[in-house]
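Throughout, protein chains are lettered first and strands after them, A, B, ... in sequence-line order, and every chain is numbered starting at 1.
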Amino acid sequence: MSVKVRIPSQLRQLTSNESVVEIDPGPVGGIIMELENMHPGIAERLLDNGEVRRFVNIYVDGDDIRFEDGLDTEVADGSEVSIVPAVAGG
Amino acid sequence: MAATAESLRCKECGRTYPLKALFVCEFCFGPLEVAYDYEKIRRRATKERIAAGPASLWRYADFLPVNGKPAVDLQAGYTPLVSAPRLAAELGLKKLWVKNDTANPTHSFKDRVVTVALTRALEMGFGVVACASTGNLANSVAAHAAASGTEAFVFVPADLEIQKIIATAIYGINVVKVRGNYDDVNRLCTEITSDKNWAFVNVNVRPYYAEGSKTLAFETAEQLGWRAPDKVVVPVASGSLLTKIHKGFWELGEVGLIRRKQPVVCGAQAEGCGPVAAAFKEGLEHVRPVKPSTIAKSLAIGNPADGVFALEAARQTGGVIESVSEQEIVDGIRLLARTTGIFTETAGGVTTAVMAKLAAQGKIHPQDETVLYITGDGLKTLDAVAGTISTFEIDPVLSQFEEQVLQEHVEVINET
């Protein structure tokens, strides 16, 4: 029972260079809190006043959570969460 | 060493970083931008030195974030600024110019950013270049990689116009068609960047890459006799181009090459992918991502990285970000072609149509000196207008010419 969270290079110094962290299924917000318990400091980098920072994109199985239920988006067993910097492309 | 660039600085929180292959602030994920020593630029970049430089954007090397000579120069930039009196008359305007960036080596403005990005990437020691592209960037990266003998991977949406796929693959580099839209391609490339030591020109090399677009402002000012126009109309995809044109005019004022004057910056999007225009209309400070659906594929970025900065530039200068329908895009392409002799791809149809709309709304005044930025060639998106053209077809017989062509022609003339 777990979901894979893909960590971008910018945050890997907080995860001892791990690029994938496995966490129990649940809403995205809960998964971030669990990440914070495992790797303190990470939540502050992703959230600002309880919202996803404007230059951070979070995807569940490739779908932007802004098109789903935001931090309440449920992540099922076996799914993948990707944390990706927004400032790319064009 | 010619460098005038000093550091990378986060546009969000101001933290600074060394001039490496970094693109986001490690603290807040804000975008990094190149910061310069403007005193140094002011001392070096005289009008005489620029005039004596090459007939390419490299005449403005003092304003670009590289150390030495261009690694590859296909002569991008220094494209014509064309007076457009017939288009102006049609729109009720008086002083209108078209910056014709279809005249670049791979027929879009992307050659500007790529020559800078590739030069910087090779300076930083990368052996492979790559990009996420809606097509024009792919064409340009492929050509510049081929010319410099650099290994390249370009990632494009699988449903891209066939012309753009062919005009990329022909250079013998690796083309990866991704089954998804541009935003999917972009996400994939950003994830690849975390794991591969490749220079993704618009991901980890993006701060350097984006600076190439400033040269559109520099050239415009130089071609007008070292002054800024009143208004500019610029297409918006990621928002980077508009933001950098704005920055380019500011820099010229800052180093004393023109009298300080910030042109009113107007942005153009398609209704089928207009997240920045929507945010502008609703007065929002952020941009809500959309799922693109438009023939203007080179502008089809639903989650624009520099959307908020494009909004800021437009608001700060008293400009507008407006959007147009699919029909207006096609009409825009035709209008530009028949009044200026310039055939643009769909993005230029968007830009022309938005300018027409702003002129009709009185947001561009007749006496405003306006520059329309046409950033890509119409041969790249032939399908968009294929159904709208008409031709004559006859046997090689004089009577058919007289009856079917001249006769019809007379009718057409009489009707108008």
Side-chain angles (χ1 to χ4, degrees), chain A residues 3-21 28 32 35-36 39-71 73 75 79-90, chain B residues 10-12 22-33 110 113 131-134 137 180 182-191 193-195 200 202-204 206-207 209-210 213 236-241 243 285-291 298-299 301-309:
Chain A
V3 301
K4 282 185 176 161
V5 183
R6 296 200 168 273
I7 308 293
S9 56
Q10 293 80 6
L11 294 178
R12 287 182 196 165
Q13 67 205 75
L14 293 174
T15 62
S16 317
N17 265 328
E18 279 183 68
S19 58
V20 178
V21 175
V28 171
I32 292 175
L35 262 180
E36 172 69 19
H39 304 289
I42 210 163
E44 180 195 16
R45 311 278 287 276
L46 300 177
L47 306 178
D48 186 22
N49 283 326
E51 301 273 340
V52 179
R53 283 185 183 272
R54 66 176 180 163
F55 293 110
V56 173
N57 289 336
I58 299 178
Y59 302 87
V60 175
D61 292 330
D63 292 321
D64 189 334
I65 62 166
R66 290 189 177 94
F67 288 115
E68 312 291 325
D69 298 323
L71 290 171
T73 307
V75 187
S79 287
E80 259 186 34
V81 177
S82 296
I83 300 166
V84 182
V87 181
Chain B
C10 176
K11 286 178 85 166
E12 192 79 339
L22 300 169
F23 69 114
V24 293
C25 175
E26 292 192 350
F27 183 77
C28 73
F29 282 77
L32 301 184
E33 185 171 49
K110 289 294 186 185
V113 284
C131 68
S133 175
T134 58
L137 178 59
Y182 176 77
D183 296 294
D184 297 320
V185 177
N186 199 23
R187 173 182 54 78
L188 175 67
C189 289
T190 310
E191 291 192 274
T193 308
S194 271
D195 296 314
F200 271 88
N202 55 348
V203 184
N204 54 337
R206 194 172 191 269
Y209 157 96
S213 293
V236 174
S238 73
S240 172
L241 174 65
T243 310
E285 306 261 310
H286 63 280
V287 175
R288 271 199 302 267
V290 300
K291 304 256 188 214
S298 59
L299 302 184
I301 299 182
N303 195 354
D306 283 305
V308 290
F309 300 109

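With B:Asn303 contributing its side chain and A:Ala86 its backbone, the two residues share no donor-acceptor pair below 3.5 Å.
For the pair A:Arg6 and B:Ser194, the minimum side-chain heavy-atom distance is 4.5 Å or more. Taking 4.5 Å as the limit, every side-chain heavy atom of A:Ser9 sits out of range of all side-chain heavy atoms of B:Thr193.
For A:Asp63, there are no side chain to side chain donor-acceptor pair (under 3.5 Å) partners at least two apart in sequence or on another chain. Checked against ring-ring contact (aromatic ring centres under 6.0 Å, His included), B:Phe200 has the following partners two or more places apart in sequence or in another chain: B:Phe155. Under the side chain to side chain donor-acceptor pair (under 3.5 Å) criterion, A:Ser79 pairs with A:Asp61, sequence neighbours left out.
For the options B:His286, B:Glu191, B:Lys110, heavy-atom pairs under 4.5 Å to chain A are most numerous at B:Glu191. With respect to chain A, the highest number of heavy-atom pairs below 4.5 Å among B:Val287, B:Leu241, B:Asn202 belongs to B:Asn202. Top candidate by heavy-atom pairs under 4.5 Å with chain A, chosen from B:Ala237, B:Pro289, B:Ser240, B:Ala210, is B:Pro289.
A:Asp64 CG to B:Lys291 NZ: the interatomic distance, rounded to the nearest 0.5 Å, is 7.0 Å.
Against chain B, the residues from residues 47-55 of chain A that qualify, each with a non-hydrogen atom under 4.5 angstrom away, are A:Arg53, A:Arg54, A:Phe55 in number order.
A salt bridge links A:Arg12 with B:Asp195: the closest approach of a Lys/Arg side-chain nitrogen to an acidic carboxylate oxygen falls below 4.0 angstrom.
Between A:Val87 and B:Gly30, the shortest heavy-atom distance links the atoms CG2-C, 4.5 Å. The two residues B:Phe29 and A:Val56 come nearest to each other via the heavy atoms CG-CG2, 3.6 Å. Listed here is the closest heavy atom pair of B:Val24 and A:Pro85: CG1-CB, 3.8 Å. Nearest heavy atoms, B:Ser238 versus A:Gly90: CB-CA, 3.5 Å. In plain terms, the two heavy atoms of A:Ala88 and B:Thr190 that are nearest each other are CB-OG1, 3.5 Å.
For B:Val113, no part sits under 4.5 Å from any heavy atom of chain A, backbone or side chain.
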For this session: Please lay out, stage by stage, how A:Tyr59 and B:Asp184 fare under the test side chain to side chain contact (heavy atoms under 4.5 Å, CB included).
Result: CA-CA 10 Å; A:Tyr59 302 87; B:Asp184 297 320; over 6 Å; no
For this session: Let me see the working for B:Arg187 and A:Asn57 under side chain to side chain contact (heavy atoms under 4.5 Å, CB included), right down to the final yes or no.
Result: CA-CA 9 Å; B:Arg187 173 182 54 78; A:Asn57 289 336; over 6 Å; no
